[in-house]
Structures are given as C-alpha cells and as structure tokens.
Amino acid sequence: MRANEEAATALQEYAELFALTGGDAFRVRSYQKAAKAIAGFPEDISVVDVRSVPGVGEAIAKKMEEFLQRGSFRQLDDLRGRVPDGVRRLTRVPTLGPKTAIMLFEDFGVDSPAALAEAISSGRLDGVKGLGPKTLANLLKGVEQLEQSGRRVHTGVAMALAEQVMASLSAERMAYAGSLRRMKDTIGDIDILAVADESIMAAFRAQPYVSEVIAAGEKKTSVRTTSGIQVDLRVVPAASWGAAMQYFTGSKEHNVAIREMAVKKGWKLSEYGLFEGERVIAAESEEDIYAALGMRFVPPPLREDGGEVQAALRGELPELVRLDDLKGDLHTHTNLTDGIASLEDMVAAGRARGYAYYAVTDHAPDLAMQRMTLDKALDQRGQAQALQRKYPDMRILHGTELNIAPDGSVDWPGEVLRGFDVCVASVHSHFSMSRDEMTRRFITACENPYVDIIGHPTTRKIGKRSPVDADWDAVFRAAARTGTAMEIDSFPDRSDLPSDLVRLAKHHGVKFSIDSDSHAIPHLANQRFGIGVAQRAWLTGEDVINTWPLDRLLAFLGR
Ligand code: DGT
Ligand code: CA
Ligand code: CA
Ligand code: ZN
C-alpha cells in the first residue's frame, strides 16, 4: 500500500534524524517500531484510523495524519533543516555512527562518503581521537561497499517493483527474466518480457512510477523508476517466447556455455530460437530448447555456469527444495520483543500458511533494548501451551533467539535453555572482531549443546552492513560436527547465509533452516526469497530441516 509505505519511510527518516540529533534511544526505537508496523499493516492508513496500527500512539498518529495531508510533518521539516545534508550523506556509510558523522563534518568539512574516502586515504584523519587505524580501515571499506551497492537493490525491493510493473500493463503474456528470475539476492535492473501489441510501450512510459525514459524503441523500452531502479521492457514474438526467456534470463555465463553446445551440433541459438540454418528446431518453449540440446531443463536459480550444464547433460540435476516443501518456520518474533503482532496472531498466520509446526523465538535478555526477562519468556511459554489446544494440526514450538556474546556464550545457562523447544543463536553486536576471534565465537556457539540453529550467520544487511569476517570453512566444519543447523534468513535485505556460503556449508555436510525471522504477519511470506537462496545453492529438501516431518525435526532438535 503506497500510503503506508510512504508514511513509514517518512517516519523512519524522522527516527534517523532524531537519533542523529542526540534524541532519546527509546523514542528512536518506538518511531522505528511504529514505522515498521505501518509498513506491514494490512489496511490502508489513508482510509482507516492510523491509531489502529499497533505501536502508534497519539503523538505519532498526529504526525502521520499531517503527513497524509501534506506529504510531511512539522517535526520532520524542523529536523531536516537542522541536520546538514553532508552529515546525512555520511551516515549512509556502514559502521559510521551519528556522533562521528557530525564531528567529521564540523571539524574536518567531510560532507560525503567520497570526501571521507579522500580524507582517510590522504592521511588527514590519522591520529584523530576515536579513529584508530582499524576504524579508519573499516570506514574505507564501508565507503567502497556503499558505492558498489549504490546501483544494486535487494530482491525484495526488485520483486515488488517487477510485480507492480506487470500489474500495471496488459499483455497476452508477460514475465520477468534476468537476475530476478534467477533469484539473485541483489538485482542490477529488472528485465520484463511481453507478448503484446505496440501500444504497451506508450502505456509503459506513461506510468506514474516512471521518472525518466532512458531509451524508447519498438522492441525495447528502458526507464528509470521513481525508486531509482531501471526497468527494461521487451516485446517479443509469441513464436520465440521460450528462446527470449532463455536468453534474457541469463546468466551471460550460462548462455555462453549453452550456445557453445548448440554450435557443436552445427546449430545456432539466439533470443529468437534454436536454428539449423533456416529451420527452427525449438523456439516457443524454453523446455524444448534444453531438450533439443540433450539436457534436462535447468531451473533459473542454477543458471550461473556453476556446474549445472554438465549436470543437466548427465541428467543429474538436484531435486531443488521448493516453497511448498516447507512444513514450518523456526525463527519468528512477537510483540513480546520487537515484533508487532501478538503471539495469537502470529500463530494463526503460521497455521494459515498450512504449517505443521511453528516456532516463536523472541529475543533473549542480553539485547537490552528488548527488555526481555526469564519471567516474561516463561509466561509466554504458558500462553503458547494454552494456545496449542486450538491447533491440533500444528505444533507450536516455544523457542528463543539467543545473543552470541564475543566469547561465544549465550544469554541463559543450560538449565534454562533446556526448557526451550528450539534455540536460535545469533550475533547482534561486536560485528568487527578479528577473523580468528569471530571464528572461535561461532564455533563456541555451535558447541553449546542447546544451540540448534545459528541465525543470520554473516549478519550482513545488503547495502547497509558488511558481513562479519570469519573462517567459514572452520565454522561449517564445527556446525556439521555438532549437528548445528545454519540459517538461511529469508528477509530479503539479509538473505543470510548468502547462496555461495550455503553451497560451501552443504559441501561440509551442514543442514539448514530456512526461516522468515518475521516481525510482522506479512513477513512470513518472505520465505519465497529464502527458497531462492537455497535453490541457488543447489539444496534439496533433505538439506533443510524445516521441510522434515515433525518427528524427524524433533529428533534433530534432540529435546
Ligand atoms: P543484473 O541486471 O546485473 O542483476 O543481472 P542480469 O543477469 O539481469 O543482467 P542484464 O540485465 O544485463 O541482462 C539480462 C540477461 O540478458 C542476462 O542475464 C543475459 C542476457 N544478456 C544481456 N546481454 C547479453 C550479452 O551481451 N550476451 C549474452 N550472452 N547475454 C546477454
Ligand atoms: Ca537485469
Ligand atoms: Ca537489463
Ligand atoms: Zn536476530
């Protein structure tokens, strides 16, 4: 819903500016929470009272109402006026906090990520209090990462835009191709193919989400959208739909390998079809093209020239795990910590997805912001047990998401952990430890007999936070040895583990849990992105513990 998203974005910006100007951390947190709640709210706040959104009190409601009327609110305007643009640009650099940003701007005139990189490289910041060599190196890495990520977006943003574009146009046939169809975690631009008459191009250019027309032709139109993302729309002949999908799905490397095989047979493969001279061998369907080349159909997530061509020729492609294989979710939150929905509502939404089991894993006490206590956790367990009676077909698992301390220990001792059905353990602080220390930290967590799953292991946030540094081979060996699953966190800005590390972990014999890490009901649907990561890593149902029947899962959890 557009109104919800825009209002949430404004409130999120307000929270950031409020933090930058030294605002109270708990209020920052409540703005952020309300922004998330508004974005995830199933009804349009320009229609219903915004006070019906959980976490939105009178003060926030007034701001949102003013925003809905005039596209901003007084307090936001004030803070926008008080915080120089340079400082705001600087805070986009990962690991750079507000205090340092203000200091760099005021004392050194550093007013952009590029200026920061220059100041570090020229040695101008050497010896500045609070900025040791390690901090400076991290900041420089952050600037580089910001530049690299600047042009790519995570798959959640891209998928929503692709669906919006397709819903806005009418065609006989339409689909997205490119890296989005391959389910990559970041997307450079969106490629849409259509079988349609010429008028689709004019209709496309006239859409309200178009901010700039980059190229307008009969066969291809490229636009920049208001969110900054480029969309290419191509009109293709119905007779060569399959060839066009094959070509524009890529990857380029996969296509090169496929084309070579065609050439070996004396044929030619293009976006129009597979040909022998003038004769069409296959063109209308993608399946026919792969079949004609003597190979199995290669699912798009595998098309990276990572061994899939040889495997398809031998008929040995894996039976990839699919969304409807998932029998449950093992990492979700409620409003007891930083989720926005109640235990009752989250469990009901889990059941509505047809799950056979559903774990509630609210944060443990070491994440001070969440104000969790053992009493609250035990109280929640009682509620979960009472609720269980309403769900004869779905097992409610009472779990927790523990915090892995720098030394690898977790929030609660064994006798408390033993009482949980499932323990996810995650890193939420001290992200920049050395590789050796971080490796030890993860191994110690894996060796804890009550830790079942390592949550979002690299802790990266695409475009915002780099992955932590660890010797992943060593971590995965420990996970395999101790029977600790690695999580694939399905939140699209996390996609964590990323698919290359999943593939490495599988090689070491690790099992995986594909979890939504939901903080609101709509997040449960993010599992489609986690499945994309898993498919890109060649995982089958056997590799993923939450495709297993309840009994087998419980045996794995060993309680
Ligand atoms: P992206 O947009 O950077 O996330 O990645 P892709 O894979 O979507 O790349 P894109 O948008 O440049 O092109 C879409 C697909 O079209 C690409 O995966 C393969 C195909 N393609 C585009 N240009 C070429 C080319 O010059 N040669 C070959 N073989 N294929 C191409
Ligand atoms: Ca693309
Ligand atoms: Ca493209
Ligand atoms: Zn977490």
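Hydrogens, waters and symmetry mates play no part in the numbers below; they use all other heavy atoms, side chains included. Residue numbers run from 1 in the order of the sequence given. Whatever order the structure lists them in is the order used to number ligands and atoms, beginning at 1.
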Test item, I190 contacting ligand 1 (heavy atom, 4.0 angstrom): no

Using side-chain hydrogen bond (donor to acceptor under 3.5 Å, both in side chains) as the criterion, point out the one residue from S516, S518, S513 that pairs with D329. S516

The Zn ion (ligand 4) - closest N/O/S atom in E401: OE2

For ligand 1, which atoms sit closer than 4.0 Å to a heavy atom of I187? 4 (O)

To the Zn ion (ligand 4), the closest N, O or S atom belonging to H456 is NE2

Is the shortest distance from a heavy atom of H254 to ligand 1 less than 4.0 Å? no

Classify the ring geometry of F491 against H519: parallel below 30°, tilted from 30° to 60°, perpendicular beyond 60°. perpendicular

Of the N, O or S atoms in H428, the one nearest the Zn ion (ligand 4): NE2

Between D517 and H333, is any side-chain donor less than 3.5 angstrom from a side-chain acceptor? yes

Which atoms of ligand 1 sit under 4.0 Å from any heavy atom of G178? 8 (O)

Determine whether the side chain, the backbone, both or neither of R182 has a heavy atom under 4.0 Å from any heavy atom of ligand 1. side chain

Taking only heavy atoms of R152 into account, list the atoms of ligand 1 that are under 4.0 Å away from them. 1 (P), 3 (O), 4 (O)

Can you name the nearest heavy-atom pair linking W412 to P365, along with the distance? CZ2-CD, 3.3 Å

Provide the number and element of each atom of ligand 1 under 4.0 Å from a heavy atom of G188. 1 (P), 2 (O), 3 (O), 4 (O)

Side chains of T482 and E447, donor plus acceptor under 3.5 Å: no

Find, among atoms of D191 that are N, O or S, the one nearest to the Ca ion (ligand 2), and state its name. OD2

Closest by any non-hydrogen atom to atom 11 (O) of ligand 1: pick that one out of T186, V153, D232, D189. D189

Min over K252, K184, R303, R234 of heavy-atom distance to atom 28 (C) of ligand 1 lands on K252

For F248, the ligand 1 atoms with a heavy-atom partner under 4.0 Å come out as 14 (C), 15 (C), 16 (O)

